[in-house]
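Here the structure is laid out as structure tokens; the discussion comes afterwards.
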Amino acid sequence: QVRFVDSGGRSVQAGDSLTLSCAASGWTFKYYAVGWFRQAPGKPDREFVAAMGWSSGGDTVKYADSVRGRFTISKDNAKNTVHLQMTNLKPTDTGVYFCAGRSTSGAVAMSTYQYTYWGQGTQVTVSS
């Protein structure tokens with residue numbers, strides 16, 4: 001059984017930094033694409049934040065325009081964990097953050113429908 005567990009979310013002040021983690025069991029991040037999405041308060045959909053794809057030539061990373069330069073996605077293959085390092089947080093970064101994994105492909109993806117496995121989400125609240 002595949003299980004993703006998201007953690008690290010909490011309330012912070014604008015300008016602070018925070019690192020989210022996603023640990024998987026029953027599945028490995030090493031050869032498949034992973035992503036982070038968030039759902040803002042009152043919004044029905046999850047928006048893309050960051051993703052990392054795998055290929056024999058190396059990893060490919062994509063970021064949403066709103067977080068590029070502030071957020072960094074990384075994988076720790078030894079611990080089978082994905083991290084999202086967030087710096088210079090803004091109130092608009094507030095939301096529930098979800099990690100996700102593709103089940104059959106290493107190609108980087110930015111749409112929710114392309115992902116099979118999901119964490120339960122972790123709340124990030126940024127106050128001004």
Side-chain angles (χ1 to χ4, degrees):
Q1 181 180 357
V2 176
R3 186 180 182 210
F4 284 20
V5 178
D6 301 328
S7 63
R10 60 183 177 90
S11 295
V12 296
Q13 297 292 314
D16 284 352
S17 298
L18 194 61
T19 298
L20 306 182
S21 298
C22 175
S25 59
W27 190 78
T28 178
F29 287 118
K30 188 174 182 180
Y31 300 114
Y32 298 98
V34 297
W36 285 95
F37 293 78
R38 66 188 180 192
Q39 187 165 5
K43 296 288 183 67
D45 299 323
R46 298 176 185 181
E47 67 168 339
F48 169 73
V49 175
M52 177 178 283
W54 177 88
S55 72
S56 59
D59 294 333
T60 301
V61 178
K62 297 284 187 183
Y63 295 99
D65 290 343
S66 59
V67 307
R68 188 175 293 109
R70 299 188 298 123
F71 289 14
T72 302
I73 185 171
S74 63
K75 287 192 297 184
D76 184 337
N77 291 327
K79 296 182 179 180
N80 206 29
T81 303
V82 175
H83 301 288
L84 184 69
Q85 295 174 279
M86 307 185 291
T87 64
N88 191 21
L89 283 160
K90 304 176 181 181
T92 50
D93 293 319
T94 294
V96 180
Y97 284 70
F98 301 87
C99 76
R102 300 191 75 184
S103 62
T104 59
S105 175
V108 67
M110 295 180 285
S111 298
T112 55
Y113 76 89
Q114 294 172 295
Y115 289 85
T116 303
Y117 305 118
W118 290 86
Q120 84 287 1
T122 185
Q123 176 72 46
V124 174
T125 303
V126 184
S127 302
S128 58

Practice task
With sequence neighbours left out, write down each residue that passes side chain to side chain donor-acceptor pair (under 3.5 Å) with E47, or none if nothing qualifies.
Solution key: R38
Exercise for the section: Decide side chain to side chain contact (heavy atoms under 4.5 Å, CB included) for V34 and I73; before the verdict, give the C-alpha distance in whole Å, the side-chain angles of both, and the deciding distance to 0.1 Å. Expected result: CA-CA 9 Å; V34 297; I73 185 171; 4.3 Å; yes
Fill in the blank from the handout: Interatomic distance, OH@Y31 vs OG@S55, rounded to 0.5 Å, equals 12.5 Å
Completion exercise
So disulfide (SG to SG under 2.5 Å) across residues 14-123, not counting sequence neighbours, yields C22-C99
Handout entry: V2 with W36, same ILVMFWY side-chain cluster at under 4.5 Å
Key = yes
Problem - Distance-minimising heavy-atom pair for S17 and N88 - result: OG-N, 4.2 Å
Fill in the blank from the handout: In short, disulfide (SG to SG under 2.5 Å) pairs touching residues 27-58 with sequence neighbours left out are none
Problem - Partners passing side chain to side chain donor-acceptor pair (under 3.5 Å) against D45 (at least two apart in sequence or in another chain) - result: none
Practice task
Can you sort out the partners of S103 under side chain to side chain donor-acceptor pair (under 3.5 Å), two or more places apart, ordered by chain and number?
Solution key: T116
Exercise for the section: Not counting sequence neighbours, list each pair that qualifies as a salt bridge (Lys or Arg N to Asp or Glu O under 4.0 Å) and has a residue in residues 74-92. Expected result: none
Practice task
Decide whether V124 and V49 are clustered together by the hydrophobic rule: side chain heavy atoms of Ile, Leu, Val, Met, Phe, Trp, Tyr closer than 4.5 Å, transitively.
Solution key: yes
Exercise for the section: Report the residues that fulfil side chain to side chain contact (heavy atoms under 4.5 Å, CB included) with V12, sequence neighbours left out, ordered by chain and then residue number. Expected result: R10, D16, L18, L89, V126
Practice task
Return each pair, listed once, that meets ring pair (Phe, Tyr, Trp, His ring centres under 6.0 Å) where at least one residue sits in residues 56-115; pairs must be two or more places apart or across chains.
Solution key: F37-Y115
Handout entry: Where at least one partner belongs to residues 102-128, residue pairs that pass salt bridge (Lys or Arg N to Asp or Glu O under 4.0 Å), sequence neighbours excluded
Key = none
Exercise for the section: Run through L20, T19, T72, V67 and flag the one making a side-chain contact (heavy atoms from CB on, under 4.5 Å) with M86. Expected result: L20
Problem - Within one Ile-Leu-Val-Met-Phe-Trp-Tyr cluster: Y32 and V61, side-chain cutoff 4.5 Å - result: yes
Practice task
May I have all residue pairs that pass side chain to side chain donor-acceptor pair (under 3.5 Å) and include part of residues 117-128, sequence neighbours excluded?
Solution key: Q123-T125
Handout entry: All ring-ring contact (aromatic ring centres under 6.0 Å, His included) counterparts of F29, not counting sequence neighbours
Key = F4, W27
Problem - Contacts of type side chain to side chain donor-acceptor pair (under 3.5 Å), residue R70, not counting sequence neighbours - result: D93
Exercise for the section: Ignoring hydrogens and angles, tell me if any N or O in the side chain of Q39 forms a donor-acceptor pair with the backbone of P44 under 3.5 Å. Expected result: yes
Problem - Connected via hydrophobic side-chain network under 4.5 Å: M52 and V82 - result: yes
Problem - Closest contact, heavy atoms only, T81 versus S21 - result: CG2-CB, 4.2 Å
